Colleague: 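One structure coming up, written as structure tokens, with questions to follow.
Note on naming: letters A, B, ... go to the chains in the order of the sequence lines (proteins, then strands), and numbering restarts at 1 for each one. Worth saying up front: this structure is predicted, and the values here are computed from it rather than measured. Quick note: numbers below take in every heavy atom, side chains included, and nothing from hydrogens, waters or symmetry partners.
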Amino acid sequence: MSKPSLARGTRDFGPEQMAKRTFIFDTIRRAFQRYGFLPLETPAFENLSVLMGKYGEEGDQLLFKILNSGDFSGKLTDPDWNEGYKALTGKISEKGLRYDLTVPFARYVVMNRGTLAMPFKRYQIQPVWRADRPQKGRYREFYQCDADVVGTDSLLCEAEIVMLLHDILPALGIEDFTIKINNRKILTGIADMIGAHGMEGPLCVAIDKLDKIGKEKVEEELIQRGFTSESILKLEPVFSLSDGTAPFKELKNWLSGSEIAMKGIDELETVWKLVKTLGLENARIQFDVTLARGLSYYTGAIFEVKANNVQIGSISGGGRYDNLTGTFGVPGISGVGISLGVDRIYDVMEELNLFPESRKTSTQVMISNFDEEAFLYGLSVLPKLRNAGINAEIYPDSVKLKKQLDYADRKNIPFVILIGSDEIQSGLLTLKNMKSGEQQKRNASDIIALLTAERS
RNA sequence: GAGGUUGUAGCUCAGUUGGUUAGAGCGCCAGAUUGUGGUUCUGGAGGUCGCGGGUUCGAGACCCGUCUCCCUCCCCA
């Protein structure tokens, strides 16, 4: 016999936590549906050929791989063992747990492109798995809520994502948040402008840390990553720009020589305009050149949402990807989407005390079980309550009333029906209000009417 | 994957330089109360001290390994 334990980075969710999580899921799902997204679910695991190479090298490493079933090592030869673990992995594992919902979605779109009404809008709420080291707000199994549109380049999609976030987060009580937006094309243009063509990857990683470690440290890191001091000098405008409120003009002057950067700026300006046209006042959107995060497949807009005044990383992220389906052989389908992290939103709401006070119980009334005769009588009342739409249960054992009331108390059941010989004889049951302690004698249909009224 | 930190009852934690039988609060169970929960009082149960090895006459404490929690880096929801 061994002590039970949870796998690293995983958690159980008890009834109380589930009530809160369900509240989040329901709020998000309702919003997704209101914007015309349709539901989709995909398998927990996929063939590794689908997942590998989509998230960069780092991502490949964080994929949970599933060992082939059966005699996975039978066909291995001595050279296989000496080729290193990466080559070996390919020979003993063909499947992996999904790392996000976007790539499985792209796979689905490619496999079903003939039958989908394009542009196709889908939402998907499922867990994903990542084999990284757990930390605050970071788990190895967590839920993502994704909404994506594929099959259109329209920047309305980006604007709608902004709207969607402005619907969902306040509905959850998160009023103080910032949607940071950047565009991959601008980053590409910057890399070109400073004479570091194709190096936007490392550039992004370093720049992204600006607000965390400061300008000097960023410059140090850039040198370490192989940028020339000349390039870094040319990068100067980025630092002065980063906290401006309407930096597009400056940015245009600086990057006028880069066609691709100008296109990126233009795209962002359009998004800003569309958001305004959609009637959103005081949008919590902020352009941030230093926002460089994003999985390797992003090509246009990049989003990241931060809840302010909390010690938790971003609660949402997303962006536009032009060639994700291309990696499955079907190019030319552009997509854009957003992903909300339920587990982090939960942590934020917990930290800010934002969960509405909800009834911790689902049972509204419990019938006591005094003795055999009363039990049988109770069984005849129970279905009447349930048929009337009242959540009801009967205590299953004939034990001391004290114990039964204690159970009701602990389960936060607001009403108890006491049935004994008196009640059976008169047909008037004792309805006890557990909060006030008061009791009244009523017949079954009166009780149903009372409880129904109580519920609303 | 690199570095740091933590682990003692169901929970939160004490436990002296290594020394008898490892403690407290809360919770749990039972009784006070044979038809009445929360409050109170009384009593009780509950520990391979994360796991494995080592040092020692003797280890919860010291050493090594390992797992886990939390944190920093990397990266991300």
Colleague: When you measure from the side chain of T299(A) to the backbone of D322(A), do you find a donor-acceptor pair of N or O atoms at a distance under 3.5 Å?
Modeller: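 At least one qualifying donor-acceptor pair exists.
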Colleague: Give G59(A) one of three labels, base, sugar-phosphate or nothing, depending on what nucleic acid heavy atoms sit under 4.0 Å from its own.
Modeller: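 Counting heavy atoms under 4.0 Å across all strands, no contact is made by G59(A).
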Colleague: Protein within reach of the bases, or only the backbone? For nucleotides 7-13 of chain B, mark each nucleotide 5' to 3' as B, S or -, using heavy atoms under 4.0 Å.
Modeller: -------
Colleague: For the side chain of E423(A) and the backbone of G420(A), is there at least one donor-acceptor N/O pair under 3.5 Å apart?
Modeller: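 Yes, E423(A) side chain to G420(A) backbone: donor-acceptor pair under 3.5 Å.
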Colleague: Is there a donor and acceptor pair, one atom on the side chain of R344(A) and one on the base of C76(B), closer than 3.5 Å?
Modeller: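 Per atom types, the contact qualifies.
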Colleague: Flag the pair E267(A) and R320(A) as a salt bridge only when some basic side-chain nitrogen lies within less than 4.0 angstrom of an acidic carboxylate oxygen.
Modeller: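 Not counted as a salt bridge, because no side-chain N and carboxylate O are separated by less than 4.0 Å.
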Colleague: I'd like to know if the side chain of R98(A) reaches the main chain of T42(A), judged simply by a donor and an acceptor atom lying under 3.5 Å from each other, with no hydrogens or angles considered.
Modeller: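 At least one qualifying donor-acceptor pair exists.
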Colleague: When the P atoms of C75(B) and A14(B) are compared, how many Å lie between them, rounded to an integer?
Modeller: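 The answer is 37 Å between these two P atoms.
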Colleague: Counting only side-chain N and O atoms of R8(A), is one of them less than 4.0 Å from OP1 or OP2 of U68(B)?
Modeller: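 Checking R8(A) against U68(B): at least one side-chain N or O falls below 4.0 Å of OP1 or OP2.
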Colleague: Ignoring the backbone of R410(A), work out which of C73(B), A77(B), C29(B) is nearest its side chain.
Modeller: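 Ranking C73(B), A77(B), C29(B) by closest atom to the R410(A) side chain puts C29(B) first.
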Colleague: Taking only Lys NZ, Arg NE, NH1 and NH2, and the carboxylate oxygens of Asp or Glu, determine whether R138(A) and D343(A) approach each other closer than 4.0 Å.
Modeller: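 No, R138(A) and D343(A) are not salt-bridged.
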Colleague: Just how far, in rounded Å, is P of A77(B) from CD1 of I125(A)?
Modeller: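 Atom-to-atom, I125(A) to A77(B), this comes out as 17 Å.
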Colleague: Could you tell me whether the side chain of N369(A) and the main chain of Y395(A) form a donor-acceptor pair under 3.5 Å?
Modeller: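 Yes, because the side chain of N369(A) sits within donor-acceptor range (under 3.5 Å) of the backbone of Y395(A).
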Colleague: How does RNA chain B look in dot-bracket form if you count Watson-Crick and G-U pairs under 3.5 Å, write [ ] for pairs that cross, and put | where a base pairs with another strand?
Modeller: ((((..(..((((.....[...)))).(((((.......))))).....(((((..]....))))))..))))....
Colleague: Between U33(B) and G37(B), how far is it from one C1' atom to the other, in whole Å?
Modeller: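 Going atom to atom, C1' in each nucleotide, I get 13 Å.
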Colleague: When the ring planes of F23(A) and F355(A) are compared, do they come out parallel, tilted or perpendicular, using 30° and 60° as the limits?
Modeller: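 Rings of F23(A) and F355(A): perpendicular, over 60°.
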Colleague: With a distance cut-off below 6.0 Å to the six-membered ring centre and an angular limit of 45° from the axis, does R284(A) pair with F177(A) as a cation-pi contact?
Modeller: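 Pair R284(A)/F177(A) counts as cation-pi.
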Colleague: CD of Q311(A) versus P of C76(B): gap in Å, rounded?
Modeller: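 It is 20 Å, rounded to the nearest whole Å.
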Colleague: Quick one: is R133(A) getting a side-chain N or O under 4.0 Å of the C73(B) phosphate, OP1 or OP2?
Modeller: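 Checking R133(A) against C73(B): no side-chain N or O falls below 4.0 Å of OP1 or OP2.
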Colleague: For the residue pair F287(A) and W272(A), categorise the inter-ring angle as parallel (less than 30°), tilted (30 to 60°) or perpendicular (more than 60°).
Modeller: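 Taking W272(A) first and then F287(A), their aromatic rings stand perpendicular (interplane angle over 60°).
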Colleague: Nearest nucleotide by nearest heavy atom, which residue falls closer to the 5' end of RNA chain B, Q144(A) or K136(A)?
Modeller: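 It is K136(A) whose nearest nucleotide is closer to the 5' end.
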Colleague: Provide, to the nearest angstrom, the distance between the CD1 atom belonging to I207(A) and the P atom belonging to C74(B).
Modeller: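 Checked: the CD1 to P distance equals 15 Å.
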Colleague: Write down the distance between CD1 (I312(A)) and P (C70(B)), rounded to a whole number of angstrom.
Modeller: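 The distance from CD1 of I312(A) to P of C70(B) comes to 13 Å, rounded to the nearest Å.
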Colleague: Between R29(A) and D26(A) (salt bridge meaning N to carboxylate O under 4.0 Å), is one present in this structure?
Modeller: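 So R29(A) pairs with D26(A) through a salt bridge.
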Colleague: Roughly how many Å is it from OH in Y139(A) to C1' in C69(B), rounded to a whole number?
Modeller: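 One finds 12 Å between C1' of C69(B) and OH of Y139(A), rounded.
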Colleague: Let me have a per-nucleotide readout for nucleotides 31-41 of chain B, 5' to 3', with B, S or -, counting only protein heavy atoms under 4.0 Å.
Modeller: S---BBBB---
Colleague: Do Y321(A) and D148(A) meet the criterion of a side-chain donor-acceptor pair at a distance under 3.5 Å?
Modeller: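 Y321(A) vs D148(A): donor-acceptor pair found between side chains.
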Colleague: Find the distance K217(A):NZ to C74(B):P and express it as a whole number of Å.
Modeller: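 Checked: the NZ to P distance equals 12 Å.
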Colleague: Rounding to an integer number of Å, can you tell me how far L63(A) CG sits from C75(B) P?
Modeller: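 The answer, rounded to whole Å, is 17 Å.
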Colleague: If you assign each of Q135(A) and F142(A) to its closest nucleotide in RNA chain B, which residue comes earlier from the 5' end?
Modeller: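 Taking each residue's closest nucleotide, the earlier one in sequence belongs to Q135(A).
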Colleague: Could you tell me whether E373(A) atom CD has more than 12 heavy atoms of other residues or ligands within 6.0 Å of it?
Modeller: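 Atom CD in E373(A) is not crowded, with 12 or fewer foreign heavy atoms closer than 6.0 Å.
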Colleague: Could you check how far CD of Q61(A) sits from P of A2(B), rounded to whole Å?
Modeller: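 Value for this atom pair: 10 Å.
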